[in-house]
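A, B, ... follow the sequence lines: proteins, then strands. Residue 1 opens every chain.
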There are 2 protein chains.
Amino acid sequence: MSGRDGRVSVEDYRKRLLDGLMPLPPVQLPLARCLGLVTAEAVTARVAVPPFTNSAMDGFAVRHADVATADPASPIALGVVGDLAAGSRDDPRVGDGQAVRIMTGAPLPAGADAVVPVELTDQPLGRAGLPEIVRITGSVARAANIRLAGEDVAMGAPILPAGVRVDATAIAAAASAGHGTLLVHPAPRVAVIATGAELVEPGQPLDTGQIPDSNGPMLAGLVAEFGAVPMSLARCPDDPAALDAAVTAALDLADVVITSGGVSVGVRDVVKNSAVADALEFARVSMRPGKPQGHGRLTASDGRVVSLLALPGNPVSVFVSWFVFVVPVLAALAGLDPASVPSTGLAPVGTGWRSPRGFVQFMPVMRLPDGTVAPSHRLGAGSHLIASLHRAGALAVVPADVTEVTSGGVVDLIETRRGS
Amino acid sequence: MSGRDGRVSVEDYRKRLLDGLMPLPPVQLPLARCLGLVTAEAVTARVAVPPFTNSAMDGFAVRHADVATADPASPIALGVVGDLAAGSRDDPRVGDGQAVRIMTGAPLPAGADAVVPVELTDQPLGRAGLPEIVRITGSVARAANIRLAGEDVAMGAPILPAGVRVDATAIAAAASAGHGTLLVHPAPRVAVIATGAELVEPGQPLDTGQIPDSNGPMLAGLVAEFGAVPMSLARCPDDPAALDAAVTAALDLADVVITSGGVSVGVRDVVKNSAVADALEFARVSMRPGKPQGHGRLTASDGRVVSLLALPGNPVSVFVSWFVFVVPVLAALAGLDPASVPSTGLAPVGTGWRSPRGFVQFMPVMRLPDGTVAPSHRLGAGSHLIASLHRAGALAVVPADVTEVTSGGVVDLIETRRGS
């Protein structure tokens, strides 16, 4: 329960967390419920898009040869033999010297090979009766204003790969290609337990030694920003029995349980002193902040295996741990490639800083107007600087063998806005 | 209701939409309900962060002068006169030759001016009884491992400006600085009405001339991705009375009503032919796709003024209109600066394309592995290319006077992932 935990690199600890972790079993859901979830199989077109050759304009379907010489000075008169609205089931045929009035999206009638927009005719724009004769006042090319069946995607063509988040355009793609449902992985459900006798509900008066709980609300927000489901948010004093009870309750609600605090070398560190600790591995990860970590796989009362991530208690440590460890775990459960998140990048360094030898440093940084980055607080990477963390839009990642980040250099970034 | 609508530039049309539009009246909400909403006032610290000077380590609070010469060969013994857990209300005092055991986050006791971590003492890590004597085996600097009250932010210092989205770190900042609630603008409520006799529910069999409705589900998804609230999704045939009824119902649910289709020059264009049209202004905006547009302010039965945006019916036109017109309107109602969204950028052009003179072109583009962009479909900006739109991550914006976008040049982008 106590003593010196194993020292491990960031990469190796992340590997342990992800080892053997499988995406949650996929479910077939209506499109409207798929937003933000991840495809569990490649999606192909069940119908061609467009499903039939149709008009791209409001106008008249014609035989191109009939109108090739039309111009305002010598309009060409065609007999109107039909009227095709979008959605119409009529099936008129365009013969020599004939036209069918047609609206955008209506099926091109047999015999026609071009659509003349209403602006190139003697007909009014908007609502109007069907004329017996239309005068074409301008020519168009053969096949003009016609959308061919399948020219967007052919039947059977790939629409979406497996393992991508369903966004609004993915829903539109699936809908247009004939799908009413998709096979997706459900969003991971997450229970949060913030530990610490010093924590009180935000906004409540503080007694001596007390602070507002910021870890719990921040974690619940990060869960939602990732697209996972915050199931519960518990606050637990430094009482091992209370922690065990909170974890037991959380296991039945969630796919992942996250605790904050109580994993370091303090005499009352509650997660370490709980019965739950017997099922956890604790480690000192070579990172700052965020060094003390714990994790394990527990079993809910219905037999499901639930990942528990025991994060340190300092709020900036929680924030760093979220991106470095929790996001990859949630990604793996959600069906994403855990290596694809969070988003990373590079930035030039505006104001440099120091970094401890032997530890990967995660420094909250803000972007300056000139595009460079600088620490977002004058005190740097202090793990308690939570009220100013909002100013940072990224975490700079400084390798363990670098002790000085110099102005004018370049640094790796983890993007931290929007939680993924 | 028909005929030639006024021609207007993209900028001028957007100005008309935004003219006089005010943020929704702010409400005071618990932090947990503020995620994704926009602050309606600047937030300052009600308490300093940290609220009291406290220990950054698990260890012993000491007088620095007592331990300045400590090393493993000549440890210094101090009498332990107290035990401070985080959250403790005890108030021990450290005198000459004395120490108080202290845990991370516990208030620094009077008399102490440094904290020696447990690793630099003869005490075990983790759970242990309180010793009578502690032997200090290494020195630390004066003020080492101490977090000063207010060193993150002072009481009264600014925490969050007005007009920013509340994310997880903003919630943590507000919580840590003493706030349990925030004054925020509510999320705009949006009703969507997809019009068109040809539309059927996604996944249902298609009869002659029918297509699946992709506009409605796409718009509902974009509403949610923006952080607005999708209230209803109606599908309406080309029947003006049905459209009027759908709009009347939507007004009572929503702050914004969005229709797709029925605003162009077709004889059955339902929005134009409805009674609602009397309250709308229709325009031909100098853009491709997305030219036919309509908008107006209507009054709900409870007297609220509701913005109606009547978008064209082609699905890529809907998508473009979303970012160019709907997002700024939602931003203004949500309390954001409408000029701040959607995100924009610049990219080098990999594969060039043509653009119509006199119209701003919005071309769906994808990023190539070399960082350049190219049209995401071989048919370019066709307004019906909905099943492939998912491949695009941005819209390239080509000015009206440019007719050719050339490989090797640079183009403006609107970022379209995640709806804002």
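Interface remark: Leu199(A) contributes no atoms to any contact with chain B (heavy atom separation under 4.5 Å). Heavy atoms closer than 4.5 Å to chain B are found in the side chain of Leu206(A), but not in its backbone. Contact of Leu160(B) with chain A is made through the side chain alone, with heavy-atom distances under 4.5 Å. Both the backbone and the side chain of Leu385(B) come within contact range of chain A, judged by heavy atoms closer than 4.5 Å. For Val47(A), the part lying near chain B is the side chain, with the backbone staying farther off; criterion is any non-hydrogen pair under 4.5 Å. Looking at Ala220(B), there are no atoms closer than 4.5 Å to chain A (heavy atoms on both sides), in backbone or side chain. Both the backbone and the side chain of Ile386(A) come within contact range of chain B, each with at least one heavy atom under 4.5 Å from a heavy atom of that chain. Contact annotation for Pro124(B): neither backbone nor side-chain heavy atoms come within less than 4.5 Å of a heavy atom of chain A. In this structure, no portion of Ala106(A) lies under 4.5 Å from any heavy atom of chain B.
Per-residue heavy-atom pair counts under 4.5 Å with chain B were compared for Arg147(A), Met103(A), Arg89(A), and the maximum is reached by Arg147(A). Heavy-atom pairs under 4.5 Å with chain A peak, among Ala177(B), Ala387(B), Ala172(B), at Ala387(B). Of the residues considered (Leu233(B), Asp207(B), Val200(B)), Asp207(B) shows the highest number of contacts with chain A, using heavy-atom pairs under 4.5 Å. Your options are Ala170(B), Ala85(B), Pro107(B), Pro51(B), and the one with the most heavy-atom pairs under 4.5 Å with chain A is Ala170(B). The candidate with the highest count of non-hydrogen atom pairs below 4.5 Å against chain B, out of Glu201(A), Arg46(A), Arg101(A), Arg391(A), is Arg101(A). The most heavy-atom pairs under 4.5 Å with chain A, out of Pro315(B), Ser214(B), Ser383(B), Ala392(B), come from Ser214(B). The residue among Asn314(B), Asn54(B), Thr181(B) with the most heavy atom pairs within less than 4.5 Å of chain A is Asn314(B). Heavy-atom pairs under 4.5 Å with chain A were tallied for Gly221(B), Gly266(B), Gly216(B); the largest tally goes to Gly266(B). Of all the listed residues (Leu84(A), Val166(A), Ile159(A), Asp83(A)), the one sharing the greatest number of non-hydrogen pairs under 4.5 Å with chain B is Asp83(A).
Side-chain contact between Ile171(B) and Met218(A) is absent, with no heavy-atom pair separated by less than 4.5 Å. Taking the side chain as every heavy atom from C-beta outward, Ile211(A) and Phe52(B) approach each other to under 4.5 Å.
For Glu151(B), the side-chain hydrogen bond (donor to acceptor under 3.5 Å, both in side chains) partners at least two apart in sequence or on another chain are His384(A).
Ion pair Asp58(A)/Arg268(B) not flagged as a salt bridge, since none of the NZ, NE, NH1 or NH2 atoms sits closer than 4.0 Å to an Asp/Glu carboxylate oxygen. A salt bridge is defined here as a Lys NZ or Arg NE, NH1 or NH2 lying under 4.0 Å from an Asp or Glu carboxylate O, and Arg378(B) with Asp152(A) fails to meet this definition.
The stretch residues 167-177 of chain A participates, sequence neighbours left out, in these side-chain hydrogen bond (donor to acceptor under 3.5 Å, both in side chains) pairs: Asp167(A)-Thr169(A), Asp167(A)-His390(B), Asp167(A)-Arg417(B), Thr169(A)-His390(B).
Glu225(B) places a side-chain N or O within 3.5 Å of a backbone atom of Ala168(A) that can act as its donor or acceptor partner.
Of all heavy-atom pairs spanning Leu31(A) and Pro202(B), the tightest one is CD1-CB, 3.9 Å. Contact between Gly178(A) and Pro212(B) at its shortest, heavy atoms only, is N-CG, 4.5 Å.
Atom-to-atom distance recorded for Glu198(A):CD and Ser88(B):OG is 11.0 Å, nearest 0.5 angstrom.
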